[in-house]
Amino acid sequence: MKLIDTIYIDGAFVKPHGSERFDLVNPSTEAVIGQVTLGDEIDTQNAVDAAVRAFPAFSRTSRSERIAMLHRLHDALMARSDDLNAATIEEYGAPQARAQWSTRYAAEAFLSMATTLETYEFTRRVSTAEVVMEPVGVVGLITPWNANAGFICNKLATAIAAGCTTVIKPSEMSALQTQIVIEALHEAGLPPGVFNVVNGLGSVVGATLAAHPKIAKISFTGSTAVGKSILRTGAETMKRVTLELGGKSPTLLLDDANFAEALPLALSLAFMNSGQACIAGTRLLVPEQRLDEVIERVRTLIAAIQSGDPYDPATTIGPMVNRKQYERVQHYIRVGEEEGATLIAGGAGRPDGLTRGYFVKPTVFAHVTNDMTIAREEIFGPVLSILAYRSEEEAIEIANDTVYGLQASVFSSNPARARSVASRLDAGRVLINGVHHDPLAPFGGHKQSGIGREYGAFGLEAYLEPKTLLGSAG
Ligand code: NAD
């Protein structure tokens, strides 16, 4: 049993004022493996005070000082990469390869932001004015459990590049991972108060940050429902917000695509991070005349996917993060069957041979229509819906018929056609003929998938305010 009973304020690990304990559970075994002491409103206030005190000096640090800090943070996290991988498997159930990827992703966020910072123009001439991009102030960073370390590091890297100080509210379900991240980042020796971390419940620590008058901005990644509540609460103090929310991303398989190459990629998009990914491609749109062929190919591909023990290198789908999430996925599988979709792989219950752990079967439904619940709501598990379309026009219409707009994918053997379809999709990011990622290009959602962008210069600008100076040229 591990006990996490400190939070991080003003450059030091301190006992929180809050005393409530929260169980940390290994989702593969359902065993309680630790507890975290939850911070409260007083802890949040102490963290905000530390960040406010640190802001005046930190906001005036130079570009080169911040770049050096970002490199130190990267190195410090990499020095603990084995520990972080182990905690990500134990506490979150990520398969080994995924855990390693997410640790690298977290560390590289600091380097990517250092690259952005090297060339970012903080001062520009606009007509007769000098425009200076200044740090927005103290920022609250709130992260979900599905890539806790990555979101902490990416948001913190951007805040540091901008010259903002921070209070971080990580997912309460990820305290072991958070602890390793903080211990690592502490070693980078940043000025006290630049980053403060308060473990705690969203309804307590998160809500206090969202309402706090000295927090200038919230960068939040999580569910659309909580994102809306932060937007409402933040309106009172006119907070800047970056909201990275849910998705129901479409994958469009055009009739000229190479199905043998595209379908394995479409499945990896659907089941990435054990299906617990905001960008998961959970609606696969295929030409009606080739539906039977798609179903046959998908059945064969699914048979080769292993859902189970995250320590087994052959596993690509680990457990759901907790019982609630397991039951949520089971619920949607039942709803899919009740609403008349055809189950072609997987289904309710655990994979064969597993009697405990929050493991689910990779599940695929065909003959799904876009009005069915499983096509409309974010399931956040490895459940894929196949929808048939009759024309390219109808495919685009179905793809865009959702409240979300985070990501979409298009597969076609004709790049110009794929590009043209991509231009008509309502999504913040469109992947063409592959699974791609670029940490310098903007990432974020259209519609109810969010507000604002992260990564690169677009992400950095979300932590800056332009100040126009007139008459300064002399
Ligand atoms: P969640 O919204 O329940 O929680 C996210 C964070 O918000 C947690 O730290 C939680 O404690 C906190 N929180 C909860 N209530 C709060 C409140 N009232 N005020 C302030 N903070 C509060 O989400 P989750 O279940 O942890 O994560 C899954 C969701 O995150 C999915 O909907 C997924 O699509 C989304 N997500 C989005 C992205 C993206 O980049 N767009 C990435 C990953 C996950």
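Bear in mind that the values here come from a model prediction, so they are computed numbers and not experimental data. Both counts, for ligands and for their atoms, begin at 1 and track the order of listing.
- Atoms of ligand 1 found under 4.0 Å from any heavy atom of Gly246, numbered from 1 in the order shown, are 34 (O).
- Ring geometry for Tyr8 against Phe195 counts as parallel: the plane angle stays under 30°, on a 0 to 90° scale with 60° as the upper cut.
- For the residue pair Thr221/Lys155, the side-chain donor-acceptor check at 3.5 Å is satisfied.
- For the pair Ala207 and ligand 1, a heavy-atom separation below 4.0 Å is found.
- Looking only at atom types and distance, the side chain of Gln96 has no donor-acceptor partner in the side chain of Tyr311 under 3.5 Å away.
- Considering both main-chain and side-chain atoms, Asn146 never comes within under 3.5 Å of ligand 1 through any nitrogen or oxygen pair.
- Of the N and O atoms on the side chains of Tyr92 and Asn273, at least one donor lies less than 3.5 Å from an acceptor on the other residue.
- In terms of polar-atom proximity, Trp145 is counted as a contact of ligand 1, with an N or O under 3.5 Å from an N or O of the ligand.
- Listed by number with element, the atoms of ligand 1 under 4.0 Å from a non-hydrogen atom of Leu406 are 41 (N).
- When non-hydrogen atoms are compared, ligand 1 lies under 4.0 Å from neither the backbone nor the side chain of Thr233.
- The ligand atoms of ligand 1 that sit less than 4.0 angstrom from a heavy atom of Lys169 are 8 (C), 9 (O), 10 (C), 11 (O).
- By the criterion of a heavy-atom distance under 4.0 Å, the side chain of Glu378, and not its backbone, is placed next to ligand 1.
- Numbered from 1 in the order shown, with element, the atoms of ligand 1 that lie under 4.0 Å from a heavy atom of Phe443 read 40 (O).
- For atom 11 (O) of ligand 1, a protein heavy-atom neighbour is present inside the 4.0 Å cut-off.
- Side chains of Asn148 and Thr143: a donor on one and an acceptor on the other come within 3.5 Å.
- Of the heavy atoms in Met173, none comes closer than 4.0 Å to ligand 1.
- The residue from Phe151, Phe380, Phe220 that puts a heavy atom closest to atom 28 (C) of ligand 1 is Phe380.
- Residue contacts with ligand 1 for Ile279 are absent, since no atom lies close enough (heavy atoms, distance under 4.0 Å).
- Looking at Arg376 and Asp371, no side-chain N of the basic residue comes within less than 4.0 Å of a carboxylate O on the acidic one, giving no salt bridge.
- Put simply, the residue from Val226, Ile230, Thr224, Leu231 that forms a side-chain contact (heavy atoms from CB on, under 4.5 Å) with Lys228 is Thr224.
- The Ser171 neighbourhood of ligand 1 comprises atoms 9 (O), with distances under 4.0 Å to a heavy atom of that residue.
- Between Glu378 and Arg283 there is no salt bridge, since no side-chain nitrogen of the basic residue lies less than 4.0 Å from a carboxylate oxygen of the acidic one.
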